[in-house]
Amino acid sequence: MEQNYEQILVPVDGSVQAELALKKAVTVAQQNHAHIDLLNVLRINHYGFYASGSMPGSVIHDLAQDATAYLTSLVDTTKAATGFANMDIHVRFGNPKTVIAHEFVRDHKNDLIMLGATGLSAVARMVEGSVTSYVSRMSAIDVFVVRTNEDGKPLDTKQAAEQNQEQPKLSK
């Protein structure tokens, strides 16, 4: 049985694992003549609460601009390295688990999600569970979890965690 994918969702959070998932998604997209939706989900309640219980619009605007700049740099880097340009960038607000597993794929008719096995925040995984775990269990479409490097060898999770600490962060 051969599966052809047309609309691939790649959620990214700035982690080494997410960016590796993008690299592998480009290969799948090239083989399938598919489109990639590159998504960053901003969970604004993680950035702290203000006295009024809400975040000023200027802060939200800055977060969205930073996320857009990050996604644009990924598209530019990918295009320069591979020639692949059939990508759109998206910034959404909300709970990454439900946005990725349900809302975004419904809105964009994705047929595959490719994401890294872990993301940036080990604390968030301990407190509320892994986004990857939730998406792989709850999504109604195929989910490809990237656990190996470009050579097909298992990721060194300790090394990836160290690299994630060195990654430029979206401003908060």
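Because only heavy atoms are used, hydrogens play no part in the values below, and waters and symmetry mates are left out as well, while side chains stay in.
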Subject >> Minimum-distance pair of heavy atoms, taken over all atoms of Ala101 and Val105 >> reply: O-CG2, 3.4 Å
Original post:
Could you go step by step and tell me if Asn40 and Asp13 meet the side-chain hydrogen bond (donor to acceptor under 3.5 Å, both in side chains) rule?
Top reply: CA-CA 6 Å; Asn40 184 254; Asp13 63 358; over 6 Å; no
**OP:** Might you work through the side chain to side chain contact (heavy atoms under 4.5 Å, CB included) test for Gln17 and Arg147, ending with a clear yes or no?
**Re:** CA-CA 8 Å; Gln17 296 90 327; Arg147 298 180 187 280; over 6 Å; no
Original post:
How far does OG of Ser136 sit from CG of Asp142, to the nearest 0.5 angstrom?
Top reply: 12.0 Å
Original post:
In Å, rounded to the nearest 0.5 Å, how long is the span from CD of Gln31 to CG of Asn4?
Top reply: 10.5 Å
Subject >> Spatial distance of atom CZ (Phe104) from atom NE2 (His90) [nearest 0.5 Å] >> reply: 4.0 Å
Subject >> Atom pair OG1/CE of Thr72 and Met87 - distance to nearest 0.5 Å >> reply: 10.5 Å
**OP:** Using only heavy-atom distances, determine whether the side chains of Lys24 and Thr148 contain a donor-acceptor pair under 3.5 Å.
**Re:** yes
Original post:
Between atom CG of Asn86 and atom CD1 of Ile8, what is the distance when rounded to the nearest 0.5 Å?
Top reply: 9.5 Å
Original post:
In chain order, what residues pass the side chain to side chain donor-acceptor pair (under 3.5 Å) check against Asp111, with sequence neighbours excluded?
Top reply: none
**OP:** Rounded to the nearest 0.5 Å, what's the gap from CD on Gln7 to CD1 on Ile141? Could you check?
**Re:** 10.0 Å
**OP:** Verify, without hydrogens or angle tests, whether Tyr5 (side chain) and Ala34 (backbone) share a donor-acceptor contact under 3.5 angstrom.
**Re:** no
Subject >> Closest heavy-atom pair and its distance - Pro96, Val131 >> reply: CB-CG2, 4.0 Å
Original post:
Taking atom CD of Glu6 as the centre, does the number of heavy atoms from other residues, nucleotides or ligands within less than 6.0 Å exceed 12?
Top reply: no
